[in-house]
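Below is one structure; the comments refer to it alone.
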Amino acid sequence: MEFLILMIRNGIRPNMFTYSSVLRSCNGLPILKQIHCSITKAGLESDVFVRSSLIDKYSKWGELQNALTTFNEMETSDLIVWNTIIGAFTQNNNGDEALNLFKRMKKSGFMSDQATLTSVLSAVTGMALLELGRQVHVHVLKYNNQDLILGNALLDMYCKCGSMEDARFEFTKMVEKDVISWSTMINGLAQNGFSHEALKMFQTMEASGSKPNYITMVGILFACSHAGLVEKGRFYFEKMETIYGIKPGREHYGCMVDLLGRAGQLNEAVKLIHNMEPGPDVVTWRTLLGACGMHRDTGLAAYAANRVLDLDPDDSGTYSLLSNIYANTQRWEDVEKVRRTMRGKNVKKEPGCSWIEVNKEIHAFIVRDDSHPEIEKIMREVNCYVKRLREVGYVHDTSFVLQDVEGEQMEDPLLCHSEKLAIVYGLMVLVKGKTIRIRKNIRICGDCHLFAKLLAKMENRNIVIRDPIRYHHFQGGVCSCGDYW
DNA sequence: GTAGGGTTAG
């Protein structure tokens, strides 16, 4: 930047090379907009290099509208600029638009390369759409079936779509594996509830001579915490620095807080938080809050919730959690207090939403939303299943019912949870034997978890539910999480 | 003889 200013002062006119170079070091949105202005003034906007750099930088600042405008105003495009705009939407969690652009790109006659396909795979991964992922896989095969980066992206896609069979198969087929391949598998197995397999894979990784890094260790500790392996987790946490030379960061401390908290060692967890070197952040406190909920420690829960709200005052999830915890211990005045605070701050509860992919179309179910064309039929089916499941031991777990002070008490709020609707819809429309795969925006409640377990057994169906942090594989009356999540 | 853009794991 300094040299650019010096250059202009010396009367030398910057050209497209100057601008695409200086854009690399652009570290603020106002500066980016200024540079964009001077590019326009200098009449250098038509250069594809300058354009793609601008698009990329706008996207890094979350300015998708500016990125798209810059893209659409181009007369000529090339493969890289297409990759840039597709990547922009992928990285900003707008997989839908990324896929639309990918279609547009193909229609314009461009052939995808490694960068296109990794972005598109990453978009599909974010949406957890397995059938779409398989379609992209075909494009990958046409491009290059031995590419390491694409192989890794495929592994991640299958893991995040909850199909470990596919992930394992692709992994064994890879001719070359790097630390990302191993870490993807370890994390994928752990998140899908196959903790022991994840730890076994770590041993295989070490035996093969690959060295774990920071992210690999996150996966290992995540596996330990979700399998309740307290001692093993402690072992890896202590040895990661001495043996592997990896300094524990927030994420590792977070896993340890989770590990101790789940195991009921709440005081140990608090001690760790107060002593952790990077200092706790929102995620750390939220983790502790989750553990307080599992162990019904309302006092500590209130403390943790307030630390979360110090750092993120509009976090509706935390208010809901806190209110749930108070409700579970019959502290109705406190429930009301939380509700009042939420109303005062105008914080809205995030509605639960579940998606299911049927014939490459996405069907979304939202609590209290009856816009699905077949909602009445689905509700009737849910009721039928509930009746039949009661005969095999299904009892409502009412500790998950939020007191609804806004009135309009639902006949049975648990019946309306979006995942129940999505699962039942899957049973109605998917061919017999096909795994039902659901993606949802908030974590599954105990009642829906039991519902899914019993239903999987009664209907002899595999059900996979992906929530924001992990997966549940329901099969034959049990879940891969071991009821520990 | 010299300068510039996009992609994978928590």
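Residue numbers begin at 1 in each chain, while the letters A, B, ... track the order of the sequences. Side chains are part of it too, since the values below use all heavy atoms of this structure and drop only hydrogens, waters and symmetry mates.
- Taking every side-chain heavy atom of A:V48 into account, B:dG5 is the closest of B:dG4, B:dA9, B:dG5.
- Residues A:S59 and A:A88 come closest through the heavy atom pair CB-CB, 3.3 Å.
- When the options A:Y236, A:Y214, A:F237 are evaluated for a ring pair (Phe, Tyr, Trp, His ring centres under 6.0 Å) with A:H252, the one that passes is A:Y214.
- Checked by distance alone, A:D47 brings no side-chain donor or acceptor within 3.5 Å of a matching partner on the base of B:dG5.
- Following rounding to the nearest Å, A:L154 (CG) and B:dA9 (P) show an atom-to-atom distance of 12 Å.
- If you measure from atom CG of A:L54 to atom C1' of B:dG4, you get 12 Å, rounded to the nearest angstrom.
- Among the atoms of the strands shown, only primed sugar atoms or phosphate atoms (P, OP1, OP2) are found under 4.0 Å from some heavy atom of A:K160.
- Put simply, CD1 on A:I220 is 18 Å from P on B:dA9, counting in whole angstrom units.
- The side chain of A:N15 lies closest to B:dA3 when the candidates are B:dT7, B:dT8, B:dA3.
- For an aromatic pair to be called close, the ring centres must be under 6.0 Å apart, and A:H417 with A:F451 fails this.
- Side chain of A:S119, nearest nucleotide from B:dG4, B:dG5, B:dT7: B:dT7.
- The base of B:dG5 is not paired with the side chain of A:S53 by any donor and acceptor separated by under 3.5 Å.
- Taken from CD1 in A:I55 to CE in A:M74, the straight-line distance is 5.0 Å, to the nearest 0.5 Å.
- At whole-Å resolution of the value, CG in A:L150 and C1' in B:dT7 are 8 Å apart.
- As judged by a 4.0 angstrom heavy-atom cut-off over every strand, A:S52 is placed among the base-contacting residues.
- Following rounding to the nearest Å, A:N152 (CG) and B:dG10 (P) show an atom-to-atom distance of 11 Å.
- Regarding A:Y214, its OH atom lies at a distance of 13 Å from the P atom of B:dG10, rounded to whole Å.
- Rounded to a whole Å, the CD1 atom of A:I55 is 12 Å from the P atom of B:dT7.
- One finds no side-chain N or O of A:Q191 lying less than 4.0 angstrom from the OP1 or OP2 phosphate oxygen of B:dA9.
- Counting any heavy atom pair closer than 4.0 Å across all strands shown, A:N213 reaches a base atom.
- Checked against B:dG10, B:dT7, B:dG4, the side chain of A:F49 finds its nearest nucleotide in B:dG4.
- For A:A115, whose side chain is taken as the heavy atoms from C-beta onward, the closest listed nucleotide among B:dG4, B:dA9, B:dT7 is B:dT7.
- Looking at the side chain of A:I149, the nearest of the listed nucleotides B:dG4, B:dG10, B:dT8 is B:dT8.
- Between B:dA9, B:dT8, B:dG10, one nucleotide has an atom nearer to the side chain of A:V218 than all others, and that is B:dG10.
- Spacing between atom CZ of A:R24 and atom P of B:dG5 amounts to 4 Å, rounded to whole angstrom units.
- Between A:W82 and A:F110, the ring planes are tilted. Angles from 30° to 60° get that label.
- For B:dA3, the base is stacked against the aromatic ring of A:F17, per a cut-off of 5.5 Å between centres and 30° between planes.
- In terms of polar N and O atoms assigned as donor or acceptor, the side chain of A:T118 never comes within less than 3.5 Å of the base of B:dT8 in a complementary pairing.
- Across all strands, A:V22 comes closer than 4.0 Å to no nucleic acid atom at all (heavy-atom distances).
- Not less than 6.0 angstrom separates the ring centroid of A:Y143 from the ring centroid of A:H139.
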